[in-house]
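Single-structure report; data block below.
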Amino acid sequence: MKTIHVNTGRPYDILIGGGLLEQAGTRCRAALPKAKKMAVVTDSAVSPLYLERVEAGLKQAGFQTLACVVPAGEASKNPKSLSDLWEAFMAFGLTRTDAVAALGGGMVGDLAGFAAATILRGVNYVQIPTTLLAQVDSSVGGKTAIDLKAGKNLAGVFWQPSLVLMDPEVLNTLSDRDFSSGMAEVIKYGCIADRAFFDFLTAHASRVAIMETVESVLYTCCNIKRNVVEEDERDTGRRMILNFGHTIGHAFERLGNYETWTHGEAVAAGMWDAAQIGFGLGVSGGDDGGMQELKELLEAFHLPTHIARLGGGLDSRAWNAVVEAVGLDKKSAGDELTMIFLKRIGEAVAVTGKKDAVLENLAAIYGRS
Ligand code: GLY
């Protein structure tokens, strides 16, 4: 088992290792010695696979449990689900020394984390991520949120978990598509912070090869995230580099109504576009700013680089959605936007510029000049 200690305002450990799901009870008991009750939030896809096991372990460790199962899918990350959870927690008799567990992917983690952060002005919560995407990104760093009609993750707070339990064995039940989606975030870490890791991924460019060394892949990603989050817990500076590919990625997700493309697919295409814009703006060095290498690695994991490009260019509806999403991005202020580009593979930089300049470059990429 590998352990990463995250030294944020409220410090916590990330535990990575096979068999940790079975040990959820004892591990949670050690992290939360005073808690008597644990509300386990999960979704309809994960509950048949892992809920019984986790609840049994928690009960054995002396927790009284409540299972809260929301429908699988991003659509559950809404205000109604949040208030339903609040009511369920209160009916269960949750107190401030009790806790919430998020058992599932990013949707469950974000929703359950936000519910934990806001009930009784904040109770502890444990992340038990069951997707690759949640393990390498959303379960670490304390971002919690729900989606609004205006866009994704627009209502939320920073609320660090008390413990993150990462059992790589749960990845075996993921579909190939969901595994690839998580690989987009894995590749992101190589792009923004670790050239050697990018090369490692290039040399292990298949699900089988990644799973053979999965504990160390998870460790490398979470350790990069730990380093960034410790330096900038509240996302006002360096943490923004974790959003490489996300500004345009969020536009694609929204365009597809959060259904057509997974988060990872949208981010993959967003990273490729950001790499091109960075090169076009002269931010990236080298012959092509690493664009070809990035494209090849994304494609090796069956990730798209050209979504939302219809007939070689974007149609008006798609283009308007991209323009709107750039305007709504949380890193925008007035007519300026901060976007993450690659200086080279392994080093990211945040560049603040006029939204119009970003849109001009996007227009050129999408053939809409
Ligand atoms: N997912 C980006 C972050 O946690 O900052």
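Start at 1 and go down the list; that is how both ligands and their atoms are numbered.
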**Prompt:** N/O of D235 under 3.5 Å from N/O of ligand 1, yes or no?
**Reply:** no

**Prompt:** Is a side-chain donor or acceptor of H250 paired with a backbone partner of I248 at a separation under 3.5 angstrom?
**Reply:** no

Exercise answer: donor-acceptor pairs, residues 52-60 side-chain atoms, under 3.5 Å, sequence neighbours excluded:
residue, atom, partner, partner atom, Å
R53, NH1, E22, OE2, 2.8
E55, OE2, T65, OG1, 2.7

**Item:** Minimum-distance protein heavy atom relative to atom 4 (O) of ligand 1
**Value:** K225 NZ, 2.6 Å

Listed pairs under 3.5 Å, donor-acceptor, residues 107-119 side chains, sequence neighbours left out:
residue, atom, partner, partner atom, Å
D110, OD2, K77, NZ, 2.8
T118, OG1, W86, NE1, 3.0
T118, OG1, F114, O, 2.5
T118, OG1, A115, O, 3.4

**Item:** Within-shell test, D137 vs ligand 1, heavy atom, strictly < 4.0 Å
**Value:** yes

**Prompt:** More than 12 non-hydrogen atoms from neighbouring residues, nucleotides or ligands closer than 6.0 Å to CD on E87, yes or no?
**Reply:** no

**Asked** Quick one: which ligand 1 atoms are inside 4.0 Å of a heavy atom on K143?
**Response** 2 (C), 3 (C), 4 (O), 5 (O)

